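Written out below as structure tokens is the structure these notes cover.
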Amino acid sequence: MVKAVVGANWGDEGKGKITDMMAEKADIIVRFQGGANAGHTIVNCYGKFALHTLPSGVFYSHTTSVIGNGVALNIPVLFKEIQSIVDRNVPMPKILVSDRAQIVMPYHILLDQYEEERLGGKSFGSTKTGIAPFYSDKYAKIGFQVSELFDEETLEEKVKRVCEIKNVLMKHLYNKPELDPGELLDTLHDYKTMIEPYVCDVSSFLDQAIKDGKTILLEGQLGTLKDPDHGIYPMVTSSSTLAAYGAIGAGIPPYEIKEVITVCKAYSSAVGAGAFVSEIFGDEAEELRRRGGDGGEYGATTGRPRRMGWFDCVASKYGCRLQGTTDVAFTVLDVLGYLDEIPVCVGYEIDGEVTTEFPVTWKLEKATPVLKKLPGWKCDIRGIKNYEELPENCRKYIEFIEGQIGYPITMVSNGPGRQDIIYRESSLKK
Ligand code: GDP
């Protein structure tokens with residue numbers, strides 16, 4: 001049984017928490033896209049962790065954590081991350097890395113930085129972790145697969161060839177020092193030593209696991225609105241954030257994904273540039289940012305303050321649809337307990353017309369939010385276990401949003417911990 005845990009919005013919806021929670025009853029957790037450019041924050045019995053590359057199931061001793069072929073694999077970052085959790089008394093996790101995953105090279109990180117410098121104020125707000133140059137090279141067919149580390153002859157030739165191409169950019173576009181192929185080859189030899197114990201034919205492993213009836217979680221990074229095709233292009237990430245891509249990025253048949261758990265946060269936040277219709281500013285934003293998430297809405301990887309906004313029904317309905325949602329996990333609801341009234345974006349006004357359909361980017365840039373104010377519940381809902389025990393206005397907030405987005409909210413998260421979850425029956429659940 002394969003289930004995907006993905007985001008409906010701009011990321012940071014709380015996928016890490018939901019995956020960590022669901023991993024208790026799973027055997028295998030697979031990262032299928034993205035790289036160390038975003039992070040998941042997880043709070044459990046070992047403490048609070050920010051993971052960037054490792055799947056969120058890594059804290060259980062019964063799970064296998066898999067880095068799928070779709071991931072941008074930064075080998076030193078993966079190693080640091082393994083060490084950092086083991087140093088904090090988490091048992092050494094069982095980790096497998098796909099032999100078809102490609103490697104984030106040191107020059108990808110440099111090129112990312114140089115390009116942001118070159119673009120100055122017009123930058124995309126990249127996290128400068130090399131992800132865009134990495135995926136560009138993958139599709140330009142000059143990327144390095146993990147498997148290629150084990151074919152010395154070809155590796156040497158390819159390193160020389162790729163350095164020639166990169167050095168044109170280094171010298172003429174960026175005016176920076178050129179790459180040394182010998183040095184790069186040495187780095188790749190180190191990478192080989194580091195990664196060798198974990199390398200695996202992941203698609204065969206998962207094929208067998210599916211046949212054996214194992215429970216597999218596919219863990220997405222970011223959310224629908226950052227998808228390169230369906231998101232707010234060009235302010236998107238470089239790999240698909242959709243559950244459908246889980247099949248490709250893990251190497252399994254698409255029809256094996258039986259459940260898609262789409263995580264939606266009870267308000268909005270975004271990092272990086274791009275249209276954000278329900279965005280709020282000033283003191284109102286600062287207060288939500290300070291109270292948000294677990295210890296404030298600041299990037300898990302970058303520490304950057306996140307942009308804040310009210311819940312966006314238009315974006316979330318679209319986000320859930322593109323994911324193929326079977327269940328919505330509605331998170332961080334506890335944070336809204338301080339508000340007298342809670343605005344919710346129920347439509348976009350574009351050129352004098354109101355729509356509830358999420359538009360293409362140039363139209364999105366012109367959209368202003370149509371807000372509806374719902375009454376707040378003015379109390380702390382943490383610790384509540386049963387849906388009926390939630391304050392009436394809180395239930396009304398959930399039910400209103402479910403009606404707007406049209407997908408069943410079957411889980412409500414009222415705290416960052418594994419146990420902070422309320423299961424809910426939904427009439428929309430088929
Ligand atoms: P992800 O990238 O989707 O995994 O999201 P992040 O981990 O970056 O951000 C979610 C933040 O919200 C983290 O700090 C979580 O610990 C926290 N969080 C998740 N669920 C809840 C919740 O229900 N309530 C509160 N207060 N915090 C939560």
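First listed ligand is number 1; within each ligand, the first listed atom is number 1. Sequential numbering from 1 along the given sequence is applied to the chain's residues. Keep in mind that what you see is a predicted model, and the values were worked out from it rather than measured.
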Looking only at side-chain N and O atoms, does Tyr46 offer a donor or acceptor that is under 3.5 Å from a partner on Arg88?
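There is no such pair between these side chains.
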Regarding Lys265 and Ser269, do their side chains bring together a donor and an acceptor under 3.5 Å, going by distance alone?
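Short answer, yes.
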[X]: numbered ligand 1 atoms lying under 4.0 Å from its heavy atoms:
X: Gly16; answer: 1 (P), 4 (O)
X: Arg382; answer: 26 (N)
X: Lys15; answer: 1 (P), 2 (O), 3 (O), 4 (O)

Classify the angle between the aromatic ring planes of Tyr245 and Phe32 as parallel (below 30°), tilted (30 to 60°) or perpendicular (above 60°).
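The rings of Tyr245 and Phe32 sit tilted, inter-plane angle from 30° to 60°.
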Give me the ring orientation class for Trp10 and Phe276: parallel if the planes are under 30° apart, tilted from 30 to 60°, perpendicular past 60°.
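Plane angle between 30° and 60°, so tilted.
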At a 4.0 Å cut-off, with the gap strictly under it, does some heavy atom of [X] reach an atom of ligand 1?
X: Asp420; value: no
X: Gly415; value: yes
X: Met411; value: no

Under 3.5 Å, N or O to N or O, is [X] touching ligand 1 that way?
X: Gly11; value: no
X: Val335; value: no
X: Leu333; value: no
X: Thr331; value: no
X: Ser413; value: yes

Hey, are Glu357 and Lys317 close enough for a salt bridge, meaning a charged N less than 4.0 Å from a carboxylate O?
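Looking at Lys317 together with Glu357, the answer is yes, because their closest N to O distance falls below 4.0 Å.
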Ion pair Lys396/Glu399, N-O distance below 4.0 Å
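Between Glu399 and Lys396 there is no salt bridge, as every charged N stays at least 4.0 Å from the carboxylate O atoms.
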Any idea which part of Lys17 is under 4.0 Å from ligand 1, heavy-atom wise: side chain, backbone, both or neither?
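The answer is the side chain.
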Under 4.0 Å, heavy atoms only, figure out whether ligand 1 is touched by the backbone of Val263, its side chain, both or neither.
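Near ligand 1, Val263 shows nothing, with every heavy atom at 4.0 Å or more.
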For Tyr298, is the NZ or CZ atom of Arg306 found under 6.0 angstrom from the centre of its six-membered ring and inside 45 degrees of the ring axis?
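No, cation not above the ring by the 6.0 Å, 45° rule.
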Residue Glu425 excluded, over 12 heavy atoms near CD under 6.0 Å:
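Result for CD/Glu425: open.
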Which option wins on minimum heavy-atom distance to atom 14 (O) of ligand 1: Val412, Leu222, Val5, Asp294?
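Among Val412, Leu222, Val5, Asp294, the closest heavy atom to atom 14 (O) of ligand 1 belongs to Asp294.
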Selected option - heavy-atom contact closest to atom 26 (N) of ligand 1, from Ile422, Ile381, Asp334:
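Heavy atom nearest to atom 26 (N) of ligand 1 belongs to Asp334.
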Side-chain heavy atoms of Pro106 within contact of Thr187, under 4.5 Å
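A side-chain contact under 4.5 Å exists here.
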Just by modelled atom types, is the Met1 backbone N or O under 3.5 Å from a matching donor or acceptor in the Lys214 side chain?
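No: the side chain of Lys214 does not pair with the backbone of Met1.
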